[in-house]
Amino acid sequence: MAALGRLVSVFRNAVRNPRSLRAVARHRAVGPAIVGSVLGTGLICYYQYLPNRTLHFAVHAEAPKEVAAPALSARKVRFIQFASVVYEQEPYMTPRDFLFSVMLENVDRKLQKKSLTTQEVNHMLATASKALAGNELFRTIGDDGLISYTEYLFLLTILTKPHIGFHIAFKMLDVDGNEQVDKKEFLKLKKIIGTSKKRAPHGTEKPVVEGEGVNTTLQAYFFGKRGENKLQYQDFHRFMVDLQAEVQEMEFLQFSKGMDTMRREDFAEWLLHYTNEEDNEAYWENMRKRIPAGQSISFKEFKAFCLFTNNLEDFSFSMKLVTGTNRPVGMAQFKRAVRIATGHDLSDNVLDTVFKLFDMDGDKCLSHKEFMGVMADRIRRGLKHQSGFSGYWKCVKRETLKGAKEALGDTGCPI
């Protein structure tokens with residue numbers, strides 16, 4: 001304390017002395033530095049001479065960074081949103097949930113997800129193993145079944161892709177060449193389709209490896225409750241056809257308001273239901289101005305158009321063969337490309353509706369790229385796929401070859 005007093009006394013005398021002040025004025029550039037040094041030294045000396053006092057410095061440790069959870073894909077979010085049951089802490093859809101997920105944009109979940117017991121699951125499997133084939137299978141089972149996330153992706157692919165890809169994958173895994181697979185081989189097929197559809201950009205959800213210990217409705221339906229049966233391809237093909245027919249029938253009844261025919265404006269609404277295009281308002285304006293009232297589309301015409309949407313990749317290729325480029329096409333060229341891709345014709349009623357809806361400048365031609373974008377959104381029901389059609393099937397082929405190699409093991413190629 002005495003040292004600080006002496007320091008203050010010296011500083012006071014320097015200020016009172018005019019000669020010192022004039023010296024400071026002559027050396028203004030040095031003055032502030034001297035004063036700062038003096039004051040700083042005084043403070044240090046003050047703390048140094050105080051008993052039991054130390055200088056304190058705040059040291060901030062770097063806060064641990066929280067590892068962000070991987071973002072869920074749009075399909076995973078939708079699966080969780082529509083899934084109504086939980087078993088062994090995993091969400092599952094029922095067949096009714098699946099049908100709602102492909103028909104509705106959102107679900108109004110009034111109740112919490114139901115937690116299933118092992119006894120309830122066994123009852124579901126017994127019901128599935130006795131179910132009869134037909135285009136009302138999922139509606140008949142209703143909430144009495146389990147569908148996993150991988151199977152959800154698998155079923156979506158059945159609804160949106162041509163059957164030829166499944167036949168190829170089926171035959172690749174059919175080592176004996178007898179057009180049938182067992183449960184283990186089917187799980188490989190399901191994994192092939194599910195893995196390819198679950199590929200996501202970097203930083204998003206990683207594919208979930210689901211345990212094969214949990215039996216599901218599809219497995220019980222195809223292979224029996226104990227998984228001992230064999231699945232013939234003709235039975236699997238019928239299942240695919242029936243599932244597509246069931247969803248098509250429900251969508252048709254939804255937009256036709258339960259009637260036997262669908263008005264052309266209702267068909268246009270179905271086409272635009274899941275699209276997310278900036279020109280949607282223009283499409284609606286085209287419908288109001290160009291499509292006459294009182295004309296209808298039958299269920300047969302509707303099914304033919306659904307078959308066309310499941311073969312969009314082949315149609316796109318056919319279109320390039322017909323036109324040579326991606327330039328706008330007329331109705332005759334469009335109809336020919338559809339026949340090449342599907343082997344069937346679209347009715348003039350449906351074609352006229354499509355052209356009047358998507359012909360933006362009134363020249364009776366369609367922009368190939370724009371129309372394909374709208375149709376791709378329609379069959380994906382608004383959920384974007386990053387790699388597109390060609391990337392998707394390349395992935396399926398790659399995974400199929402991988403699965404076939406695993407199935408063959410050391411026996412070599414059967415071909």
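These numbers were taken from a predicted model, which means no experiment stands behind them.
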Show your reasoning for whether side chain to side chain contact (heavy atoms under 4.5 Å, CB included) applies to Lys364 and Phe355.
-> CA-CA 7 Å; Lys364 297 184 179 181; Phe355 269 73; 5.5 Å; no
So, does Ser101 use its side chain to make a donor-acceptor pair with the main chain of Phe98 at under 3.5 Å?
-> yes
Pair Phe100 + Phe82: ring centers closer than 6.0 Å | no
Which of Glu246, Arg238, Gln244 passes side chain to side chain contact (heavy atoms under 4.5 Å, CB included) with Asp242? Answer is Arg238
Flag the pair Arg264 and Asp352 as a salt bridge only when some basic side-chain nitrogen lies within less than 4.0 angstrom of an acidic carboxylate oxygen.
-> yes
Could you please spell out the steps behind the side chain to side chain contact (heavy atoms under 4.5 Å, CB included) verdict for Thr216 and Ile147?
-> CA-CA 6 Å; Thr216 62; Ile147 296 174; over 6 Å; no
Asn178 atom CG, neighbour heavy-atom count above 12 within 6.0 Å = yes
Rounded to the nearest 0.5 Å, how far apart are CG of Leu159 and SG of Cys306?
-> 10.0 Å
Ring centre gap for Phe308 and Phe305 strictly below 6.0 Å = yes
Count the heavy atoms of every other residue, nucleotide or ligand shown that sit under 6.0 Å from NZ of Lys289, and state whether that count exceeds 12.
-> no
Are there more than 12 heavy atoms of other residues, nucleotides or ligands under 6.0 Å from atom NZ of Lys335?
-> yes
Just do the side chain to side chain contact (heavy atoms under 4.5 Å, CB included) check on Val121 and Thr118 with the steps written out, would you?
-> CA-CA 5 Å; Val121 171; Thr118 302; 5.6 Å; no
Is there a donor-acceptor pair closer than 3.5 Å between any side-chain N or O of Asp182 and the backbone N or O of Glu185?
-> yes
Above 12 or not: heavy atoms from other molecules or residues under 6.0 Å from CZ of Phe317?
-> no
Lys/Arg-Asp/Glu bridge criterion (N-O < 4.0 Å) met for Arg263, Glu269 | no
Taking the side chain as every heavy atom from C-beta outward, state whether Phe267 and Leu271 have any atom pair closer than 4.5 Å.
-> yes
May I ask you to test the Val86-Leu116 pair for a side-chain heavy-atom distance under 4.5 Å?
-> no
Under 4.5 Å between any side-chain heavy atoms of Lys356 and Pro292, yes or no?
-> yes
N/O donor-acceptor pair under 3.5 Å between Thr342 side chain and Val338 backbone | yes
Keeping the roles fixed (side chain from Glu120, backbone from Thr117), state whether a donor-acceptor pair exists under 3.5 Å.
-> yes
Would you say His237 and His167 make side-chain contact, with heavy atoms under 4.5 Å?
-> no
From Glu179 CD over to Lys230 NZ, what is the distance, rounded to the nearest 0.5 angstrom?
-> 13.5 Å
Could you walk me through whether Glu313 and Ser316 pass side-chain hydrogen bond (donor to acceptor under 3.5 Å, both in side chains), step by step?
-> CA-CA 5 Å; Glu313 188 177 1; Ser316 180; over 6 Å; no
Output yes when Lys114 and Asp143 qualify as a salt bridge under the 4.0 Å nitrogen-oxygen rule, no when they do not.
-> no
Kindly compute the distance separating CG (Asp266) from CE (Met259), expressed to the nearest 0.5 Å.
-> 10.5 Å
Do the ring centers of Trp270 and Phe302 come within less than 6.0 Å of each other?
-> yes
Before giving the answer on ring-ring contact (aromatic ring centres under 6.0 Å, His included), spell out for Phe223 and Phe186 the whole-Å C-alpha distance, their side-chain angles and the decisive distance to 0.1 Å.
-> CA-CA 10 Å; Phe223 304 101; Phe186 174 77; 5.5 Å; yes
What is the ring orientation for Phe239 with Phe236, classed by angle as parallel under 30°, tilted 30 to 60°, or perpendicular over 60°?
-> parallel
Below 4.5 Å, heavy atoms only, C-beta onward: do Leu351 and Val354 meet side chain to side chain?
-> no
Between Phe138 and the options Asp97, Leu155, Thr94, the side chain to side chain contact (heavy atoms under 4.5 Å, CB included) test singles out Leu155
Please confirm whether Phe315 and Phe334 have ring centers closer than 6.0 angstrom.
-> yes
Mind running side chain to side chain contact (heavy atoms under 4.5 Å, CB included) on Met250 and Met103 for me, showing each step along the way?
-> CA-CA 8 Å; Met250 292 189 68; Met103 291 178 55; 3.4 Å; yes
Rounded to the nearest 0.5 angstrom, the CD1-CG distance for Ile297 and Asn349 is 5.0 Å
Look up atom CG in Leu104 and atom CD in Gln254, then write down how far apart they are to the nearest 0.5 Å.
-> 6.0 Å
Value rounded to 0.5 Å, distance of OG1 in Thr157 from CE in Met240 | 11.5 Å
Counting distance only, does the side-chain N/O of Glu90 pair as donor-acceptor with the main-chain N or O of Tyr87 below 3.5 Å?
-> no
Apply salt bridge (Lys or Arg N to Asp or Glu O under 4.0 Å) to Arg139 and Glu249, showing your working.
-> CA-CA 11 Å; Arg139 284 175 284 184; Glu249 182 179 333; 3.7 Å; yes
Any donor and acceptor pair, going by atom type alone, linking the side chain of Asp359 with main-chain N or O of Asp363 inside 3.5 Å?
-> yes
Does Lys183 make a cation-pi contact with Phe222 (under 6.0 Å, within 45 degrees of the axis)?
-> no
Looking only at atom types and distance, does a side-chain atom of Asn215 sit under 3.5 Å from a main-chain N or O of Lys225, one as donor and one as acceptor?
-> yes
For residues Pro91 and Ala83, report the shortest heavy-atom separation together with the two atoms involved.
-> CB-CB, 4.2 Å
Please examine the side chains of Met93 and Leu146, heavy atoms only from C-beta on, and report whether any two atoms are closer than 4.5 Å.
-> no
Going through the checks in order, is the side-chain hydrogen bond (donor to acceptor under 3.5 Å, both in side chains) test met by Asp144 and Thr127?
-> CA-CA 7 Å; Asp144 208 9; Thr127 300; 3.2 Å; yes
